[in-house]
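A short worksheet on the structure shown next.
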Amino acid sequence: MPDRAPQPVDRQLPTEEARDLISLVRDIAQQEIVPKAAEEEDAGRFPRELFTLLSRSGLLGLPYDSEYGGGDQPYEVYLQVLEELAAARLTVGLGVSVHSLASYALAAYGTKEQQVEHLPAMLGGGMLGAYCLSEPHSGSDAAALRTRAVRDGDAWVITGTKAWITHGGIADFYTVMARTGEDGPRGITAFLVPGDAPGLSAAPPEKKMGMKGSPTAQVHFDGVRVLDDRRIGEEGQGLAIALTALESGRLGIAACAIGVAQAALDEALSYASERRQFGKPIADFQGLRFMLADMATQIEAGRALYLAAARLRDAGRPFARQAAMAKLHCTDTAMRVTTDAVQILGGYGYTADFPAERYMREAKVLQIVEGTNQIQRMVIARHLVGPEGR
């Protein structure tokens with residue numbers, strides 16, 4: 001029934017250039033990403049050649065300055081590109097988001113000399129980045145990290161282990177938070193570490209329930225030596241840099257979550273329009289129609305929330321509370337919508353012959369990464385009523 005077939009999202013974009021960009025992304029998604037997504041995810045294969053294509057197409061540095069190879073795009077546009085990529089395959093959308101997160105510290109806090117030397121390759125030269133904050137014993141409590149960097153002449157020697165690192169073992173550069181001073185939040189410094197640095201290694205990738213094509217691994221620093229000119233920002237500024245980066249990164253996760261939810265809704269709509277029971281399409285049954293209506297409403301609300309936060313960011317206004325709200329709402333929405341999509345497909349939804357079960361498995365991780373949704377609620381509450389234990 002053609003009138004019920006899912007249609008591309010009708011996006012409100014600020015410029016003709018942005019509309020052309022979305023068209024380019026949709027072409028790449030349909031020609032290069034979607035046809036291989038299920039097979040490569042099942043095989044646990046990371047599509048590195050696809051990220052090379054995205055870099056050549058100018059899609060790995062969209063929110064950054066064109067002077068250094070970026071795309072000069074506002075977050076309002078960049079996030080909608082992420083959504084389109086994540087709808088095609090979360091490994092790709094989330095990979096672009098993590099790369100952008102890894103590039104943020106240097107782009108926002110690096111010296112002019114550092115930016116000229118490193119950003120062009122990072123943003124448009126085919127490189128892929130990773131962000132190293134979490135450790136085996138410090139996830140939500142980031143200020144408790146133990147990886148240490150010790151000054152040695154004009155260099156630093158980094159020792160420790162980072163955990164849950166997206167692109168761990170395959171990244172070309174790592175933005176690393178390491179302790180250079182006292183315990184607590186003020187003793188942490190940020191470094192840009194080359195992926196081929198002697199002493200840097202990665203454990204075998206974690207075995208995950210979803211996103212099997214995206215490697216997540218512990219990264220070990222065994223006396224990794226980096227020159228002081230790879231220190232980002234001031235000594236002791238690292239945690240502030242990391243948390244500021246995460247404010248923007250949470251918007252990337254929110255956009256990816258809405259992409260996965262939209263893909264699940266589209267799959268449910270197609271199936272419900274074609275599947276017939278009792279002599280008519282199941283989309284004609286009120287119970288399913290109400291489910292589809294709720295799914296679509298939750299997605300639209302999530303999209304509006306992350307775009308409102310993005311527009312605050314683009315205007316240079318505070319957006320941390322709205323970013324936490326967007327991450328919370330959009331990822332919870334992705335979990336609900338993908339679960340409902342599996343239900344609508346019934347037994348078929350539980351099989352790997354349809355992508356609905358993959359979407360549900362992938363949605364779960366989005367409620368955890370870059371600050372669990374319980375942490376997001378804490379952030380929101382602090383903005384509303386102040387810190388705990390006042």
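Every heavy atom of this structure was used, including side-chain atoms; hydrogens, water molecules and symmetry mates were not.
In terms of heavy-atom proximity, Gln115 sits nearest to Gly110 at NE2-O, 3.3 Å. The nearest pair of heavy atoms linking Ala144 to Ser138 is C-CB, 3.9 Å. What you find for Ala29 and Pro35 is that their closest heavy atoms are O-CD, 4.1 Å. Between Gly213 and Pro215, the closest heavy-atom pair is O-CD, 3.5 Å. Gly249 approaches Leu101 most closely through the heavy-atom pair CA-CD1, 4.3 Å. Shown here for Leu60 and Ser55, the closest heavy-atom pair between the two residues is CD1-CB, 3.7 Å.
Contact check on Arg19 versus Glu16 returns a salt bridge, with a Lys/Arg side-chain nitrogen under 4.0 Å from an Asp/Glu carboxylate oxygen. Using a 4.0 Å cut-off between charged side-chain N and carboxylate O, Arg358 and Glu362 make a salt bridge. Salt-bridge formation is detected for the pair Arg382/Glu388: a Lys NZ or Arg NE/NH1/NH2 atom is positioned less than 4.0 Å from an Asp or Glu carboxylate oxygen. Under a 4.0 Å N-O distance rule, the pair Arg230/Glu117 does not qualify as a salt bridge. Remark: Arg311 engages Glu76 in a salt bridge, criterion side-chain N to carboxylate O under 4.0 Å. The pair Arg151-Glu235 meets the salt-bridge criterion, with a side-chain N (NZ, NE, NH1 or NH2) lying under 4.0 Å from an Asp/Glu carboxylate O.
In terms of modelled atom types and a separation under 3.5 Å, the side chain of Arg275 and the main chain of Ala283 share no donor-acceptor contact. Within the 3.5 Å criterion, the main-chain N or O of Ile165 finds no donor-acceptor partner in the side chain of Thr216. With Glu41 contributing its side chain and Lys212 its backbone, the two residues share a donor-acceptor pair below 3.5 Å. Here the side chain of Lys208 pairs a donor or acceptor atom with the backbone of Ser214 at under 3.5 angstrom. Arg317 contributes no side-chain N or O that, together with a main-chain N or O of Ala309, makes up a donor-acceptor pair within less than 3.5 Å. For Thr351 (side chain) and Tyr348 (main-chain N/O), a donor-acceptor pair under 3.5 Å exists by modelled atom type. Remark: the backbone N or O of Ser201 is not paired with any side-chain donor or acceptor of His220 at under 3.5 angstrom. At least one donor-acceptor pair under 3.5 Å links the side chain of Asp314 to the backbone N or O of Tyr75. Using a distance-only test at 3.5 Å, with no hydrogens or angles considered, a donor-acceptor pair links the side chain of Gln376 to the main chain of Gly371. Formation of a donor-acceptor pair under 3.5 Å by the Gln218 side chain with backbone atoms of Ala163 is not found in this model.
Side-chain contact between Ile344 and Leu292 is present, with at least one heavy-atom pair separated by less than 4.5 Å. Counting only heavy atoms from C-beta outward, the side chains of Tyr104 and Tyr64 approach each other to under 4.5 Å. Between Lys162 and Phe221, the closest side-chain pair of non-hydrogen atoms falls below 4.5 Å. In this structure, the side chains of Arg148 and Val157 stay at 4.5 Å or more apart for every pair of heavy atoms. Annotation: side chain of Leu246 is in contact with side chain of Tyr131 (closest heavy-atom distance under 4.5 Å). No side-chain heavy atom of Val96 sits under 4.5 Å from any side-chain heavy atom of Leu59. For the pair Glu17/Asp20, no side-chain contact is recorded, criterion being any heavy-atom separation below 4.5 Å from C-beta on. Annotation: side chain of His118 is not in contact with side chain of Tyr68 (no heavy-atom distance under 4.5 Å).
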>> Run Val9 and Arg26 through side chain to side chain contact (heavy atoms under 4.5 Å, CB included) and show every step you take.
In response: CA-CA 11 Å; Val9 175; Arg26 286 174 173 168; 4.1 Å; yes

> Yes or no on side chain to side chain contact (heavy atoms under 4.5 Å, CB included) for Leu307 and Gln80, after CA distance, side-chain angles and deciding distance?
Replying inline: CA-CA 8 Å; Leu307 285 174; Gln80 294 188 75; 3.7 Å; yes

>> Using side chain to side chain contact (heavy atoms under 4.5 Å, CB included), reason through Lys36 and Leu50 one step at a time and then give a plain yes or no.
In response: CA-CA 11 Å; Lys36 304 174 185 176; Leu50 179 57; over 6 Å; no

> How far apart are the C-alpha atoms of Phe354 and Ser270, what are their side-chain angles, what is the distance that settles it, and do they pass the side chain to side chain contact (heavy atoms under 4.5 Å, CB included) test?
Replying inline: CA-CA 11 Å; Phe354 291 80; Ser270 292; over 6 Å; no

>> Assess the residue pair Tyr306 and Glu83 against the criterion (side chain to side chain donor-acceptor pair (under 3.5 Å)); give the C-alpha distance rounded to whole Å, side-chain angles, the decisive distance to 0.1 Å, and a yes or no.
In response: CA-CA 11 Å; Tyr306 87 63; Glu83 184 191 329; 2.5 Å; yes

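Judged purely by distance below 3.5 Å, without hydrogens or angles, the side chains of Gln262 and Asp266 pair a donor atom with an acceptor atom. Residues Thr339 and Arg336 bring no donor and acceptor atom of their side chains to less than 3.5 Å of each other.
Hydrophobic clustering (ILVMFWY, side-chain heavy atoms < 4.5 Å, transitive): Leu123 and Val116 are in one cluster. Linking ILVMFWY side-chain heavy atoms closer than 4.5 Å, directly or via other members, places Val226 and Val176 in a single hydrophobic cluster. If you chain together hydrophobic residues whose side chains sit under 4.5 Å apart, Leu239 and Tyr174 never meet in one group. One hydrophobic cluster, built from ILVMFWY side chains closer than 4.5 Å, holds both Leu21 and Leu53. With hydrophobic clusters built from ILVMFWY side chains whose heavy atoms lie under 4.5 angstrom apart, Val81 shares a cluster with Ile258.
Relative orientation of the Phe278 and Phe285 rings is perpendicular, given thresholds of 30° and 60° on the angle between their planes.
Remark: Arg146 pairs with no residue by the side chain to side chain donor-acceptor pair (under 3.5 Å) rule, at least two apart or across chains.
Distance check, rounded to the nearest 0.5 Å: CG of Leu145 to SG of Cys132 gives 11.0 Å. For the atom pair CG (Leu62) and OG (Ser57), the distance works out to 10.0 Å, reported to the nearest 0.5 Å. Separation of atoms CZ (Arg377) and CG (Leu384) is listed at 13.0 Å; rounding is to 0.5 Å. A distance of 9.0 Å separates CZ in Phe319 from CG in Leu312, rounded to the nearest 0.5 Å. Rounded to the nearest 0.5 angstrom, Leu133 CG and Thr175 OG1 are separated by 11.0 Å. Gln286 contributes atom CD, which lies 11.5 Å from atom CG of Asp284 (distance to the nearest 0.5 angstrom).
Atom CD of Glu49 sits in a crowded spot, with more than 12 heavy atoms from other residues, nucleotides or ligands closer than 6.0 Å. Annotation: Gln114, atom CD; neighbour count of heavy atoms from other residues, nucleotides and ligands within 6.0 Å is above 12. Atom CG of Asp222 has 12 or fewer neighbouring heavy atoms from other residues, nucleotides or ligands inside a 6.0 Å radius.
Here the rule is side-chain contact (heavy atoms from CB on, under 4.5 Å) with Met177, and of Thr189, Thr147, Ile188, Ile232 only Ile188 fits it.
A ring-centre distance under 6.0 Å is found for Phe46 and Phe51.
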